[in-house]
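By convention in this document, chain letters (A, B, ...) are assigned in the order of the sequence lines, proteins followed by strands, and residues within each chain are numbered from 1.
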Protein chains: 2
Amino acid sequence: MTSRQALPAGALTAWASYLRGHAALSRALNARLVAEHGLTLNDYEVLLLLSRAPDGYLKRVDLAQRVLLTPSGITRLLGGLESAGYVEKGSCPTDARVTYAVVTEVGLAKLAEATETHLADLEELFVTRFDESELALLAELLGRLAGDSEGEHCPGGARARNT
Amino acid sequence: MTSRQALPAGALTAWASYLRGHAALSRALNARLVAEHGLTLNDYEVLLLLSRAPDGYLKRVDLAQRVLLTPSGITRLLGGLESAGYVEKGSCPTDARVTYAVVTEVGLAKLAEATETHLADLEELFVTRFDESELALLAELLGRLAGDSEGEHCPGGARARNT
DNA sequence: AGGATATACTTGAGCAGGCAAAGAATGGTA
DNA sequence: TACCATTCTTTGCCTGCTCAAGTATATCCT
């Protein structure tokens with residue numbers, strides 16, 4: 001790191017307008033997602049994460065870390081997804097403390113359905129302002145602010161708990 | 001569900017990490033601001049905006065637009081700042097519908113106090129993670145998300161309403 | 001073994017902010 | 001002048017989340 005200098009002069013202002021821009025963007029995206037599919041941006045994000053996880057399950061703690069919610073936040077969010085039938089609870093045979101979140105078929109279908117319009121929204125609202133390389137760059141830089149972590153997998157697999 | 005069209009393959013992921021990055025960043029900043037000064041990031045933003053406005057007052061509507069809150073959001077936010085003594089209501093002699101938000105001396109002092117640590121936080125969070133060129137890049141890209149709007153000023157000035 | 005400590009998750013209370021509807025003032029327009 | 005549409009703001013109700021506690025389970029240390 002070169003000169004241990006203060007932030008550039010307009011930093012406060014730049015940050016402020018960034019904040020505004022972001023608020024507008026994510027609010028719009030969220031609103032559309034809710035209106036068209038009844039999913040929150042975070043709901044969507046969680047579904048996406050689960051769909052990509054091996055075997056479609058993730059520890060609730062890890063999930064929380066990945067979407068940057070507190071444990072209680074995840075509990076409530078998953079509560080919603082569960083009662084909608086998009087995810088189920090799974091238990092780990094080797095550690096009774098952990099509860100997994102497992103995507104259901106219905107959940108995957110919902111995700112696919114939502115993805116279609118969400119990608120379009122994303123393109124319209126966000127991507128029009130940046131080209132591909134800028135987008136990648138932005139993602140990389142901002143991604144650096146949120147530490148990435150791997151989720152551990154349960155040796156015995158997650159067993160869906162049939163209520 | 002991969003290739004729909006247009007959007008680059010990793011766009012969804014990129015957007016996701018952008019989201020996370022932003023969440024991490026603003027959450028951290030907000031937490032510090034609250035812990036050290038009892039101000040929300042939005043509180044701070046509003047105070048900053050007011051401090052920069054000519055004569056330190058702004059229509060509530062304009063304020064809402066600038067920080068991207070809904071009118072009701074602004075009402076409640078200002079409610080908090082008012083009861084803390086940082087802003088006052090002002091009425092416009094030519095239009096009885098509008099209420100201005102006016103920073104008080106106390107509010108300005110508070111802003112100055114908060115700015116000190118806020119800038120430091122901003123610096124710490126950015127500078128420790130990015131080198132100078134990345135920082136410049138980031139500022140440029142983020143700045144592009146902004147849309148600026150002007151606020152109108154009251155011809156007669158804002159009269160503070162003394163309760 | 002048996003307690004201390006740590007980890008995984010849930011629950012209750014509370015807060016910020018959104019949406020929709022209501023209240024209050026203004027500016028046409030006839 | 002009376003009326004209607006618009007604009008500015010507030011209020012009620014609701015959601016999404018956080019924080020602080022509380023409950024299990026697991027692990028470590030003597």
Is there a residue in residues 27-35 of chain B whose heavy atoms reach under 4.0 Å of DNA chain D, and which residues are they? B/Arg27

Among C/dT10, D/dC17, D/dG12, which nucleotide sits nearest the side chain of A/Leu69? D/dC17

Closest to the side chain of B/Asp95, out of C/dG17, C/dT26, C/dC9, is C/dT26

May I ask you to verify if any side-chain N or O of A/Arg97 is less than 4.0 angstrom from the OP1 or OP2 atom of D/dT27? no

When rounded to whole Å, the CZ to C1' distance for the pair B/Arg60 and C/dA25 reads 16 Å

Would you say B/Arg20's side chain and A/Arg66's backbone share a donor-acceptor pair under 3.5 angstrom? yes

Nearest whole angstrom, please: distance from the C1' of C/dG18 to the CG of B/Leu68. 13 Å

Counting C-beta onward and ignoring hydrogens, is there a side-chain heavy-atom pair between A/Leu81 and A/Val103 closer than 4.5 Å? no

Regarding the side chain of B/Ala96, the nearest nucleotide among D/dT10, C/dA25, D/dC8 is C/dA25

Send over the distance from A/Asp62 CG to C/dA8 C1', rounded to a whole Å. 11 Å

Could you check how far CG of B/Leu81 sits from P of C/dG17, rounded to whole Å? 10 Å

Whole angstrom value for the distance that separates P of D/dT25 from NZ of A/Lys59: 16 Å

Could you label the plane-to-plane angle of the B/Tyr44 and B/His118 rings as parallel, tilted or perpendicular, counting under 30° as parallel and over 60° as perpendicular? tilted

From CG of A/Leu58 across to C1' of C/dA8 the rounded distance in Å is 14 Å

Check for a donor-acceptor pair, side chain of A/Asp95 on one end and backbone N or O of A/Arg97 on the other, with a separation under 3.5 Å. yes

To the nearest Å, give me how far apart CD (A/Gln65) and P (C/dC9) are. 11 Å

When you measure from the side-chain N and O atoms of B/Thr70 to the phosphate of C/dG17, is any distance below 4.0 Å, counting only OP1 and OP2? no

For atom CD of B/Glu116, is the number of surrounding heavy atoms from other residues, nucleotides or ligands below 6.0 Å larger than 12? no

Short question: side chain of A/Thr40, backbone of A/Asp43 - any donor-acceptor pair under 3.5 Å? no

Is it true that a side-chain atom of B/Thr99 and a backbone atom of B/Ser91 form a donor plus acceptor pair closer than 3.5 Å? no

Look at the side-chain N and O atoms of B/Ser72 and state whether any lies under 4.0 Å from the OP1 or OP2 oxygen of C/dG17. no

N/O (side chain, A/Thr75) to phosphate O (OP1/OP2, C/dT10) under 4.0 Å: yes

Which residue lies more 5' along DNA chain C, comparing B/Gly73 with A/Val61 via nearest heavy atoms: A/Val61

Answer yes if B/Val61 and B/Val46 sit in the same cluster of Ile, Leu, Val, Met, Phe, Trp and Tyr residues linked by side chain heavy atoms under 4.5 Å apart, and no otherwise. no

At a heavy-atom distance below 4.0 Å, what parts of residues 40-47 of chain B sit against DNA chain D? none

Taking only the side-chain nitrogens and oxygens of A/Lys89, find out if one of them lies under 4.0 Å from OP1 or OP2 of C/dA8. no

Charged N-O contact under 4.0 Å between B/Lys110 and B/Glu36: no

Using the salt bridge (Lys or Arg N to Asp or Glu O under 4.0 Å) criterion, which residues pair with B/Arg32? Sequence neighbours excluded. B/Asp121, B/Glu124

Looking for any heavy atom pair under 4.0 Å, which part of the strands does B/Ile74 touch: base, sugar-phosphate only, or nothing? nothing

Whole angstrom is fine here: how far is it from CG in A/Leu63 over to P in C/dT10? 12 Å

